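Working notes, beginning with the structure itself.
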There are 2 protein chains.
Amino acid sequence: MSGSRARTRQAIIDAAIDVLGRNPAASLGDIATAADVGRTTLHRYFADRADLLKAVGAEADARLARATAAARLAEGTGASAVQRLCQEYFDLGNVLSVVFNAALGAGDPEHAEPAGCDPEFAAMVERGYRDGTIDPELPADWVQSLIWSQLYAGWAYQGEMGASRHEVLRLILRTVAGAIAVRPA
Amino acid sequence: MSGSRARTRQAIIDAAIDVLGRNPAASLGDIATAADVGRTTLHRYFADRADLLKAVGAEADARLARATAAARLAEGTGASAVQRLCQEYFDLGNVLSVVFNAALGAGDPEHAEPAGCDPEFAAMVERGYRDGTIDPELPADWVQSLIWSQLYAGWAYQGEMGASRHEVLRLILRTVAGAIAVRPA
DNA sequence: CCTGATTGGAACATCGGTGTTCCGTTTCGG
DNA sequence: CCGAAACGGAACACCGATGTTCCAATCAGG
């Protein structure tokens with residue numbers, strides 16, 4: 001019954017993304033309940049919390065990679081590619097929160113990762129410098145940080161204010177576009 | 001010896017801001033250690049964790065209010081006031097993280113606060129609409145969200161990358177300025 | 001110097017989350 | 001239909017954080 005195992009496993013991961021997105025400190029019991037599964041069963045699939053978080057991270061990365069591919073970063077001007085990337089990422093919804101919270105928690109144990117961002121992303125920004133649609137004063141790392149912070153802020157804005165998904169996306173795209181645009185002065 | 005009490009209390013609060021800024025889930029023991037104080041003493045001043053968090057929040061709000069006053073929101077163009085506000089808030093350093101994390105944690109227990117932002121802040125944005133330095137398409141709430149997210153992103157950027165305080169502030173100011181600027185098109 | 005305030009440390013009980021074991025029940029597949 | 005796999009729930013031990021109590025040491029001021 002390997003089909004059943006895979007289905008249950010995925011249900012747990014999906015529930016975890018949902019619950020942890022809302023509350024990163026949620027207990028395993030909460031996650032199990034959300035997945036309509038006993039806490040015992042959850043432990044049958046993931047030995048400890050770290051295991052589950054690892055699987056959640058992998059799933060999030062996979063969805064992220066899919067969204068990145070869908071944005072076709074190599075096409076059009078640099079700025080237009082940034083717009084598409086924002087749109088695709090925004091559609092990820094709750095996965096955003098998970099990735100974001102994971103990025104925050106990773107800062108503690110002395111990662112000290114001066115690692116540059118994704119090479120495909122960097123290439124997109126470089127192209128933007130050359131075609132005059134992205135401000136050369138802004139490093140690629142900073143552009144990435146800008147996109148993430150705006151996506152997260154928009155996600156929170158949608159939850160706190162009574163703003164529609166569509167309206168928030170419009171605000172995000174407009175704000176990011178203005179932020180990376182080459183200055184007239 | 002009421003002077004001693006006030007001094008100890010302040011030392012604990014300062015240590016709490018420092019430690020909680022780095023790790024919002026820090027234990028009371030960690031905070032006491034950082035304050036060079038026994039855990040017992042900490043409990044003497046703050047009955048439980050909630051009490052301490054309340055005091056920390058009050059202190060953060062006070063420093064925030066001082067910074068807001070220093071930015072003189074009523075002077076100059078809307079955009080220039082935003083620049084001054086970013087600069088003042090950036091200087092708050094770790095207090096930023098505390099306020100930010102507090103804002104996140106508050107989202108759970110069904111606050112449902114559609115409350116608009118500070119009236120003084122709203123007036124500044126309104127002025128920006130009229131004097132043509134702030135994009136009228138962006139609600140005041142959104143501008144506030146933008147400023148906060150950029151400040152936080154910049155703070156994180158400074159920690160993760162090896163960027164100087166000054167350089168990060170420059171990036172923040174440039175990014176925010178571009179984001180709120182009226183579009184040429 | 002002495003008295004009271006302040007402090008730190010040890011010990012203790014409590015609580016929630018975690019991980020494990022065990023057993024009875026349900027469900028799927030041959 | 002039958003056996004094995006999967007499941008749920010109860011019970012248990014463990015751990016770290018928390019809050020409380022008690023006592024001895026220290027400090028500050030009259």
Side-chain angles (χ1 to χ4, degrees), chain A residues 1-59 97-98 101-102 104-110, chain B residues 1-59 97-98 101-102 104-110:
Chain A
M1 166 182 319
S2 63
S4 173
R5 280 196 70 84
R7 221 176 323 119
T8 303
R9 183 187 157 88
Q10 195 57 42
I12 294 175
I13 292 179
D14 289 345
I17 288 180
D18 194 61
V19 173
L20 292 178
R22 278 191 275 274
N23 171 24
S27 74
L28 297 182
D30 293 340
I31 296 174
T33 300
D36 270 316
V37 148
R39 194 166 65 89
T40 307
T41 299
L42 190 151
H43 276 104
R44 243 179 230 116
Y45 286 83
F46 306 97
D48 52 19
R49 180 175 251 267
D51 265 21
L52 176 58
L53 292 185
K54 187 153 53 70
V56 167
E59 172 70 16
S97 309
V98 174
N101 289 321
L104 290 187
D108 274 313
E110 204 55 51
Chain B
M1 185 183 300
S2 63
S4 174
R5 280 196 71 83
R7 222 175 324 119
T8 304
R9 183 186 156 89
Q10 194 58 41
I12 293 175
I13 292 179
D14 289 344
I17 289 179
D18 194 61
V19 173
L20 292 178
R22 278 191 274 274
N23 171 24
S27 74
L28 297 183
D30 292 341
I31 296 174
T33 300
D36 270 315
V37 149
R39 197 166 64 89
T40 307
T41 300
L42 190 151
H43 275 103
R44 239 176 235 117
Y45 286 82
F46 305 97
D48 53 18
R49 180 174 251 267
D51 265 21
L52 176 58
L53 292 185
K54 187 153 52 71
V56 166
E59 173 70 16
S97 309
V98 173
N101 289 322
L104 290 187
D108 274 313
E110 204 56 51

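Lettering of chains follows the sequences in order, A, B, ..., and the numbering in each one begins at 1. All values reported here derive from a predicted model rather than from experimental measurement. Hydrogens, waters and symmetry mates are skipped; everything else that's a heavy atom, side chains included, is used.
Of all non-hydrogen atoms in B/Arg49 and B/Ser27, the two that sit nearest each other are NH2-CA, 4.0 Å. Considering every non-hydrogen atom in both B/Asn101 and B/Leu20, the closest pair reads ND2-O, 4.1 Å.
In this structure, CG of B/Leu42 is placed 11 Å from P of C/dT7, rounded to the nearest angstrom. Computed from coordinates, the A/Arg9 CZ to D/dC7 P distance equals 13 Å when rounded to whole Å. Note: CZ (B/Arg7) to C1' (D/dA28) measures 10 Å, nearest angstrom.
At least one side-chain heavy atom of B/Thr41 sits under 4.5 Å from a side-chain heavy atom of B/Arg44. The shortest distance between side-chain heavy atoms of B/Thr33 and B/Val19 does not fall below 4.5 Å. Side-chain atoms of A/Thr40 and A/His43, non-hydrogen and from C-beta on, never get closer than 4.5 Å to each other. At least one side-chain heavy atom of B/Leu42 sits under 4.5 Å from a side-chain heavy atom of B/Ile31.
In this model, the phosphate group of C/dT7 is approached by a side-chain N or O of B/Thr8 to a distance below 4.0 Å at OP1 or OP2. Using a 4.0 Å cut-off, some side-chain N or O of A/Thr41 falls inside it from OP1 or OP2 of D/dG8.
Checked by distance alone, A/Thr40 brings no side-chain donor or acceptor within 3.5 Å of a matching partner on the base of D/dG8. The base of D/dG8 sits with one of its N or O atoms less than 3.5 Å from a complementary donor or acceptor on the side chain of A/Arg44.
Residue-level contact check: A/Asp51 touches neither bases nor backbone, having no heavy atom under 4.0 Å from any strand. Residue contacts shown for B/Tyr45 are limited to sugar-phosphate atoms, with no base heavy atom under 4.0 Å away.
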Give me, pair by pair, the N or O atoms of the protein and of nucleotides 14-19 of chain D that are less than 3.5 Å apart, along with how far apart they are.
residue, atom, partner, partner atom, Å
D/dT18, OP1, B/Arg49, NE, 2.8
D/dT18, OP1, B/Arg49, NH2, 3.3
D/dT18, OP2, B/Leu28, N, 2.8
D/dG19, OP2, B/Arg49, N, 3.2
D/dG19, N7, B/Arg39, NH1, 3.1
D/dG19, O6, B/Arg39, NH2, 3.1

